[in-house]
Every structure is written in C-alpha cells, then in structure tokens.
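Have a look at the structure below before the remarks.
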Amino acid sequence: MRRVQVIRSRKTWDVVIVGSGAGGGMAAKVLTEAGAEVLMLEAGPKFDTARDSKMFAWPYDSPRRGMAVPARQFGEFDAGWGGWTLEGEPYTSAPGSQFDWFRTRMLGGRTNHWGRISLRFGPDDFRRKSLDGLGDDWPTTYDDLKPYYDEVDKLVGVFGSVENLPNEPDGIYQPPPRPRCYELLVKQAADRLKITCIPNRLSILTRPLNGRPACHYCGQCGRGCATHSNFSSPSVLLPPALKTGRLTIVTDAMAREITTDATGLATGVSYVDKKTGRDTHVQARVVVLAASACESARILLNSKSSTFPRGLANGSGTVGKYLTDTTGTAVVGFIPRLMSGVAHNEDGAGGAHLYMPWWLDNRKLDFPRGYHIEFYGGRGMPRFGFLGNIEQLTGIEGSGRPPGAAGYGKQLKDDYRRYYGATIGFSGRGEMVPNADTFCEIDPSVVDRWGIPVLRFHFKWTDCEYKQVKHMQETFRGLIQELGGTPLSPMPPKEHGYGIEAGGRIIHELGVTRMGNDPGSSVLNKNCQAHEVKNLFVADGGPFVSQADKNPTWTILALSMRTAQYIAEQRKTGTV
Ligand SMILES: Cc1cc2nc3c(=O)[nH]c(=O)nc-3n(C[C@H](O)[C@H](O)[C@H](O)COP(=O)(O)OP(=O)(O)OC[C@H]3O[C@@H](n4cnc5c(N)ncnc54)[C@H](O)[C@@H]3O)c2cc1C
Ligand code: SF4
C-alpha cells in the first residue's frame, strides 16, 4: 500500500459503517436507535430521493430520450449512478474469465434503482449441503432469521400473497396489485403447464406505512420514488437514523483500509476524501463493512499489517472465495393475439405484478437447485430504442411482416400501434453452486485513481449452471408456444452456454466473506462477526454461504438487522 499523509480525526465513534445501501442503511438505523454514535462513510455523492428522482421526466425532456449514458448505465433517468464501469475505478478479470461487476456510487447504493423483488430464502436454502451434498450449510437457519424477516416486512412494507408453498416462505404482506392484461395471459398459460404463477413480492407500498404514502402506479421505480413509496435506503432507513441525531454521513468518502492495533482489534477506517484527494483516518470502537460484498472483501484484503499479512480477518485465506452470482438467461416471444391491443394505462407498480417461483423437484432433474421466472411486456411508457422489438418481427409467423420488411412514415406509425405490447420476455434467475475456480483477489499490478489496489476476478460456470439454464430456455420456449407465440431468437447451443449471462450480470454477487462455524474455512461467525477481529462485522451480501433461487436483498436486510442488534447487545455488556 502506498505511503500517504493522513489527516487524523480525534473523535472516537461508537461505530463506523462503510456503505449506505441495503446493509449499511439497516445497520445505521438499528444502531443509532439503540443509542450508538455512528459515522457512515459513503463513496458516492449525496442523493435526495424527493429532490433528485427523475420519476416524472418525459423522454422528450432529454435530447437523448433517456438513453443510457456512461454515468447511468440503466438509462439517463435511472436512479443508479454508476454501472459496469466507473471512471478511474477499474477491476480486472483473470485470463479466460469474465466477471462484470456492477457498482452504484451514491448515497443508498443500488437500493435506489434495484428491482424491489423482496423474497425470503426458504428453510432448505440454509442447508443445501445436507440436502444434496454440494456447497455448505449455513451456520444459521430459517427459523433463526424468521423474526428479522418479519420485522423487515413490517418496517419496509412489501406486497404479496400467502401461498403456503414449500421452501417459499410467506411474509407479512400488503395486498398485491391486480395483474396486467398480458400477465393474466401468462398466468393462464403457466397454469396449463403446471408452472406455479403467483402475485409478485415487491417492496412497494399498496397501503400507506409509517408516514409513507401508497404507490400511485407510475411504473417508474427504477428512477427512484420521489414519494418514498418503494424501498430504498435513503427513503426508509436513513431518515429514522438521522432523526436520532446520532448519525453523521460523510459522502464522497472512499474507504481504503481498516486500521488495527497491536492486539489485532480494529481501530477505525482510512478513507480518501474524493473531493480533495486527501487521506483521512476516523477512529471507532466497532467497524461495520457494508460496501457491497466484493468491495468489502477488497477493503479487507487491502488492510494488511504484520498481524494480518494476508489481509484483515483472512487467516483462513477465504476472503474473496466462494463468490457466486445468480444464473440468468432470457427469451422474448412475439404473441400475435396481443397485436392491435386497445390502448389503456397498465403502468402499475414498478415491476411485474406476477412471478413464478421454483416449482419442480430436483430429484427428477439433471441439475441441482432451482430458479424463478420473472417476465415483462405490455404497453408502458416507451423507452429509447425500438418499440416492442418491432425490428425483429420481419418474417416471424403471425406478424404479417414479410422477411426484410421495413417501414417509415405512416406505415411505421401504424406498425407501432399494431405491434407495441405484442411481445413478452421471460428471464430466469437461478442458484449457482460455489466452486473453487470462482473468486476475487487483489490484482498485484493495478490500482485505482487513488492508488488503492483493485480486485481481479476469476469466474467459471459449471455443468450445474449450464444444465439449469438449458432448462430455463426450454421452459420459456414452452411458455411462449403455449401463448400461441414465436420466440424471437433460436435456442442457444451448448457451445454458447445455452445463453447464460456472464458472471456478475444479474448483480447478485454474494459470498466472499462467508460465515461459518469453522474459523479455518470461513471469515465470519454466525453473527457476521469476524472470527479473528471481534469488533469487525460485515453487513452486506458477503456473509452468504450460498445463493438461492431468490433475489438476496431481503436476506441482506434481515441479516444486517440481526447483526446490528447483536452489536448493540455486545456494546451493552461491554464486549465490543
Ligand atoms: C438494477 C438492479 C436490480 C436489482 N434488483 C434486485 C431485486 O429485484 N431484488 C433483490 O433482492 N436485489 C436486487 N438487486 C441487488 C440489490 O441492489 C443488492 O443486493 C443490494 O443493494 C446490496 O446491498 P449492499 O448494501 O450490499 O450494497 P449496495 O446497495 O450496493 O450499497 C453499497 C454502498 O457502498 C458504497 N461503497 C462501495 N465501496 C465503498 C468504499 N470503498 N467506501 C465507502 N463506500 C463504499 C457504494 O457507493 C454503495 O452506496 C438489484 C440490483 C440492481 C443494480
Ligand atoms: S410505481 Fe409507485 S413506488 Fe414506483 S416510483 Fe411510481 S409511485 Fe413510486
């Protein structure tokens, strides 16, 4: 690590939290309400959801019509400031590997534009090794986490329906919105194919909660909700923490390393003030890392000392190991019966109103674990680009467009009216099993613009994931056929991995500081406390032992709440 002149702050905080997203926001709320003086370091700038959201912008408000720009790679109006690349902040992939790392740099992190699919992991998801011999069991169970999931539901608000499905625990739900027209058609097709299709579980309010109004169905959640009707850390977690008067937030503060004393305890965090480029050190009795899984691993690996020569809390050598992402692939189908639809408002809540949880029994399949299905379509406000894949319809059966057909002027407008809303897309989101070839480490020769060594990724899908994705492709094609439609792309062959997305693309990277009972094979104990440094905790996706066929954020929130309550108890007894 390069030598720098460091500005030292005299105050000792009870807790320093690195990162203000799902994990950091929850830890700040719980700890400040429990009486701790908390300093939060956030690498991105301030973001005020009510002021900065582009929820009400029209495409014509921009000369780019909302198209993606380098600083907002999900679209110019999207509330995600960042993307797969960040200027001055590279990462590398080992030869033969591809891992695409998505980073949002702003107060609240990725919660400002996430998909809000808010699923609990099920009892089986915590004990996969016991069930199929692959990976590892968690040192904690669903029953341990259930009270925290319940609290998250009540605090944040989530809509859904009680279904009593195996390994798909129900939560405490607000009523779900009614399905859109195309969603009803998909539900009918899924029922005929015996694929479970139920109301989605999204953290969007359909009833007022804790002073936040219900959703007004503008369908633009990805732009950040100016009325705070969906979940983001700046809308739901940071305001109550700030209200205690015990939370101080420093934005544009890029954490570089955690410092330790001669006894091996954490003493604080060094960070770069991005506005001045100066290094600053803040002292704390407890450090909570919540910078997102891989960034937290990076900070630990960069925190080397004579006591921790392999990086902090890395005596086991497992920091960076057990990296996973969700598997994903997609198929879009043209559905002729949706052509020339009657124009009506089906904006709804931001996201699908229905989804399909995993519905099969692995004992009868050639791959482990499962996936859920998300789908999309309809006639929402058009974005930049071609409407409803119209450019792909030439020569497709039922479209009435002969091969090579194109158009402009009146013909093009008529075509848009005829075809817009006549495609439906299906995406699979499945569980990857951790493998020894997939991990991150410090690149020995690349640093970022502040001289901080960057991560190098190694990533490999195995047959488990390829076979699962093949099953997804076949299922989506079956659904499109059942809807009377035609897929807009051919079945991807084995040589192309059956269309599996590159690692990192589904933005559910987990593991890398996993928890476990054995300090020789894990970084954290079951309270997300470092085995080797008792006043160091991780509160993001790093502690996960495995993925699931569910999105991870509801579990990050529940774990962070539990970790923060544990810290508060330990502080009371003077243990940390
Ligand atoms: C488009 C999109 C859709 C998604 N949809 C879903 C979904 O539907 N359901 C679901 O469960 N999950 C979804 N996710 C994933 C979800 O956003 C993440 O799981 C969740 O936000 C992770 O929380 P976190 O606290 O670990 O990290 P983040 O929310 O990313 O927060 C980390 C914060 O730490 C800051 N930081 C990073 N490095 C440093 C540093 N060195 N110093 C100081 N601060 C630092 C970052 O700027 C950021 O603000 C989606 C993500 C994206 C991008
Ligand atoms: S759809 Fe609802 S929750 Fe989403 S941005 Fe619009 S009002 Fe807010």
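Note that ligands are numbered from 1 as they come in the structure, with each ligand's atoms numbered from 1 the same way.
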Under 3.5 Å, is there a donor-acceptor pair between the Gln565 and Arg562 side chains?
no
Hey, what's the ring geometry for Trp554 with Trp114, parallel, tilted or perpendicular (30° and 60° as the breaks)?
parallel
Within a strict 4.5 Å, meaning less than it, do heavy atoms of the Glu87 and Arg449 side chains meet?
yes
Please determine if Ile507 has a nitrogen or oxygen closer than 3.5 Å to a nitrogen or oxygen of ligand 1.
no
Does an N or O anywhere in Glu295 fall below 3.5 Å from an N or O of ligand 1?
yes
Ring-face cation contact, Trp84 with Arg505, 6.0 Å cut, 45° max:
yes
How about Phe544 and Phe126: are their ring centres within less than 6.0 Å of each other?
no
Heteroatom distance test (Trp554, ligand 1): nitrogen or oxygen, under 3.5 angstrom
no
How far is atom 1 (S) of ligand 2 from its nearest protein heavy atom, and which residue and atom name does that atom have?
Gly219 N, 3.2 Å
Looking only at protein heavy atoms, which one is nearest to atom 40 (C) of ligand 1, and how far off is it?
Ala255 N, 3.6 Å
Number the atoms of ligand 2 from 1 as they appear, then name those within less than 4.0 Å of a heavy atom of Gly350, with their elements.
1 (S)
Scan Leu247, Thr248, Ile249 and name whichever one has a side-chain contact (heavy atoms from CB on, under 4.5 Å) with Val38.
Leu247
Ile299 N/O under 3.5 Å from ligand 1 N/O:
no
Assess the pair His372 and Phe426: is the distance between their ring centroids shorter than 6.0 Å?
no
Nearest-contact summary for atom 4 (Fe) of ligand 2 - protein heavy atom, Å:
Cys221 SG, 2.2 Å
Measure up the His216 and Phe56 rings against each other and bin them: parallel (under 30°), tilted (30 to 60°), perpendicular (over 60°).
parallel
Atoms of ligand 2 less than 4.0 Å from Met55 heavy atoms?
5 (S)
Under-4.0 Å heavy-atom contact with ligand 1, by part of Arg103 that carries it:
neither
Are any of the N or O atoms of Ile556 closer than 3.5 Å to those of ligand 1?
no
Can you confirm, on distance only, whether ligand 1 has an N/O atom lying under 3.5 Å from any N/O atom belonging to Trp114?
no
Nearest non-hydrogen protein atom to atom 6 (Fe) of ligand 2, with distance, is Cys218 SG, 2.4 Å
What I want to know is whether Val18 and ligand 1 share at least one N or O pair that is separated by under 3.5 angstrom.
no
Using distance alone, determine whether Ala43 and ligand 1 share an N or O pair under 3.5 Å.
yes
For Ile204, the ligand 2 atoms whose distance to one of its heavy atoms is below 4.0 Å:
3 (S)
Heavy-atom pairs closer than 4.0 Å: do any link ligand 2 to the side chain of His216, the backbone, both, or neither?
both
Are any of the N/O atoms in Ala22 less than 3.5 Å from those in ligand 1?
yes
Tell me, please, if Cys225 has any N/O/S atom, main chain or side chain, under 2.8 Å from atom 8 (Fe) of ligand 2?
yes
Of Asn551, Asp540, Thr326, the residue with the heavy atom nearest atom 26 (O) of ligand 1 is Asp540
Would you check the N or O atoms of Phe102, main chain and side chain alike, for any that come under 3.5 Å of an N or O of ligand 1?
no
Would you sort out whether Phe74 and Phe102 count as a ring-ring contact (aromatic ring centres under 6.0 Å, His included), showing the intermediate values?
CA-CA 11 Å; Phe74 270 83; Phe102 190 94; 5.3 Å; yes
What protein heavy atom sits nearest atom 2 (Fe) of ligand 2, and how far off is it?
Cys215 SG, 2.3 Å
When the aromatic ring centroids of Tyr91 and Phe457 are compared, is their separation below 6.0 Å?
yes
